[in-house]
Amino acid sequence: MFNKILIANRGEIALRVVRAAREMGIASVAVHSTADADAMHVRMADESVCIGPPSSAQSYLSFPAIISACEITGAEAIHPGYGFLSENAQFVQIVEDHGLTFIGPTAEHIRVMGDKITAKDTMKALGVPCVPGSDGGVATLDEAKKLGEEMGYPVIIKATAGGGGRGMKVAQNAGEMERAFMTARSESKAAFGNDEVYIEKYLTTPRHIEVQVFGDGKGRAVHLGERDCSLQRRHQKVFEEAPGPAISAEERAAIGKVCADAVAKINYIGAGTIEFLYEKGEFFFIEMNTRLQVEHPVTEAIFGVDLVREQIRVASGMDMTFQQEDLQINGHSIEVRLNAEKLPNFSPSPGRITQYHAPGGLGVRMDSALYDGYAIPPYYDSLIGKLIVHGRDRPEALARLNRALGELIIDGVDTTIPLFHELLAEGDIHSGDYNIHWLEHWLETHMG
Ligand code: ADP
């Protein structure tokens, strides 16, 4: 086991990793930009190193700064959190070249899953069901139009290098194809420096269901059920729950086994998420994320496991602490993402926190790096915390969420808290009857 690990991240996720390390008796090193000198993750870690100016490119994304911080402090391994360098294959290679351990999958697995066409081909070959679509990239408009006719509209044009919901365009009919195809290509070129796109059938009422997998890198892997993350704004998740209210125990066991078997076959190591669209009882693979997800706590709540601890264990060569038969679901969990954003436009709202009070009590978990007097810097993501609740069943979890939101105080900046108060008054949220478009429609009518 490692003696000391470095966390190449900031905010709540850096704190999350510090906590797991401390419980395991492992020393933690925080890195930070000059803008984050007073951040909670810096205060809570055993050591800290300033790695550069506020700009992420010169700090949290700087390979030399992070590798040097490991060398200065004697850290043996790097946990990347999510975002930043967590899915950067080149970084993983450099970490390994320096004799350090990356707490996550191999560079090769990240590379394969980072290219969406290769990821889809790989998953198809491993027996995972995929959204019907083009065989590989689509290079010309003529080819795109021909496919549209064959597959039937609507279709979605997606960037091979895509991520974060960018480079995706829907064509409802043949007349919209030219514009959608050209826009997807130019957006993709601008965002990712690569204009390769592919085409999929556009599903009109799916849910976003993602399966949590975990591998030991030695050919063993398990699944930890699914999360339903259908409540999205601009393809970004805002409310996540586990288990999925629309998924039966039989469906869970079947898709879970397909996913666990697939990652076992490729000797996957660590945490991964296989994302699907789910419509009329069928699962369609869209992508795999080769990292810990923002919403991992809902899975931890219902299975009673610490996924970060497991990540650190397998990275050090140890076994996972569980096998498939040990993983039994207990109750229901919901997470809401608290962003420093001003409604109704969700514009960033950085600034000083004048009062902070975290909710508590049975079944409440607050993952946040906020404190009284903390100044949220304007340079980074607007996520300032995650409120996670756990109950014996879904109604209890919803009631607990309502109660915990009522106790939560974050003053000094605008936040997305009022959005959740309003959502909890909606019948569809209580019945679990929503798909990936529900929230956008609701926002149009309630905040438009
Ligand atoms: P990204 O990596 O940019 O997040 P994904 O492939 O994961 O892209 O898709 C993000 C979201 O876009 C999905 O959760 C879903 O809301 C929507 N989406 C993607 N593919 C389709 C599709 N074939 N049909 C309908 N919606 C889709």
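Because only heavy atoms are used, hydrogens play no part in the values below, and waters and symmetry mates are left out as well, while side chains stay in. If you read the sequence from its start, that first residue is 1, and numbering goes on from there. Ligands are counted one by one from 1 in listed order, and the atoms in each one are counted from 1 as well.
For ligand 1 and H208, the ligand atoms under 4.0 Å from any heavy atom of the residue are 14 (O). Below 4.0 Å from some heavy atom of E275 lie the following atoms of ligand 1, by number and element: 7 (O). Near Q232, with a cut-off below 4.0 Å to any heavy atom, the atoms of ligand 1 are 14 (O), 16 (O).
Considering only non-hydrogen protein atoms, atom 13 (C) of ligand 1 sits nearest to I286 CD1, 3.9 Å. Looking only at heavy atoms of the protein, atom 8 (O) of ligand 1 is closest to K116 NZ, 3.0 Å. Among protein heavy atoms, the minimum distance from atom 15 (C) of ligand 1 is reached at I436 CD1, 3.7 Å. In this structure, the protein non-hydrogen atom closest to atom 12 (O) of ligand 1 is H235 ND1, 3.1 Å. Given atom 20 (N) of ligand 1, the protein heavy atom at minimum distance is K158 NZ, 2.9 Å. Taking atom 3 (O) of ligand 1 as the reference point, the nearest protein heavy-atom neighbour is G165 N, 2.5 Å. M168 CE, 3.8 Å is the protein heavy atom nearest to atom 10 (C) of ligand 1. Annotation: atom 26 (N) of ligand 1 to nearest protein heavy atom, Y202 CE1, 3.6 Å.
At a 4.0 Å heavy-atom cut-off, ligand 1 touches K201 through the backbone alone. The side chain of L277, and not its backbone, has at least one atom closer than 4.0 Å to an atom of ligand 1 (non-hydrogen atoms only; side chain from C-beta on).
Between R337 and E295, at least one side-chain N (NZ, or NE/NH1/NH2) sits under 4.0 Å from a carboxylate O, which counts as a salt bridge. Salt bridge status for E279 with R207: absent, with no side-chain N to carboxylate O gap under 4.0 Å.
For the residue pair R227/T273, the side-chain donor-acceptor check at 3.5 Å is satisfied. There is a side-chain donor-acceptor pair under 3.5 Å between H296 and R16. With 3.5 Å as the limit, one finds no donor-acceptor pair spanning the side chains of E96 and H98.
In terms of polar-atom proximity, E287 is counted as a contact of ligand 1, with an N or O under 3.5 Å from an N or O of the ligand. Taking distance alone, with nitrogen or oxygen atoms compared against 3.5 Å, L203 approaches ligand 1 more closely than that limit.
Around NZ of K218, the count of heavy atoms belonging to other residues, nucleotides or ligands within 6.0 Å exceeds 12. Surrounding CZ of R234 are at most 12 heavy atoms belonging to other residues, nucleotides or ligands under 6.0 Å away.
Without hydrogens or angle criteria, H430 side chain to P395 main chain gives no donor-acceptor distance under 3.5 Å.
Paired with K120 under the rule salt bridge (Lys or Arg N to Asp or Glu O under 4.0 Å), one option of E275, E287, E200 passes, and it is E200. Y60 pairs in a ring pair (Phe, Tyr, Trp, His ring centres under 6.0 Å) with only one of the listed residues (Y379, F91, Y380), which is Y380.
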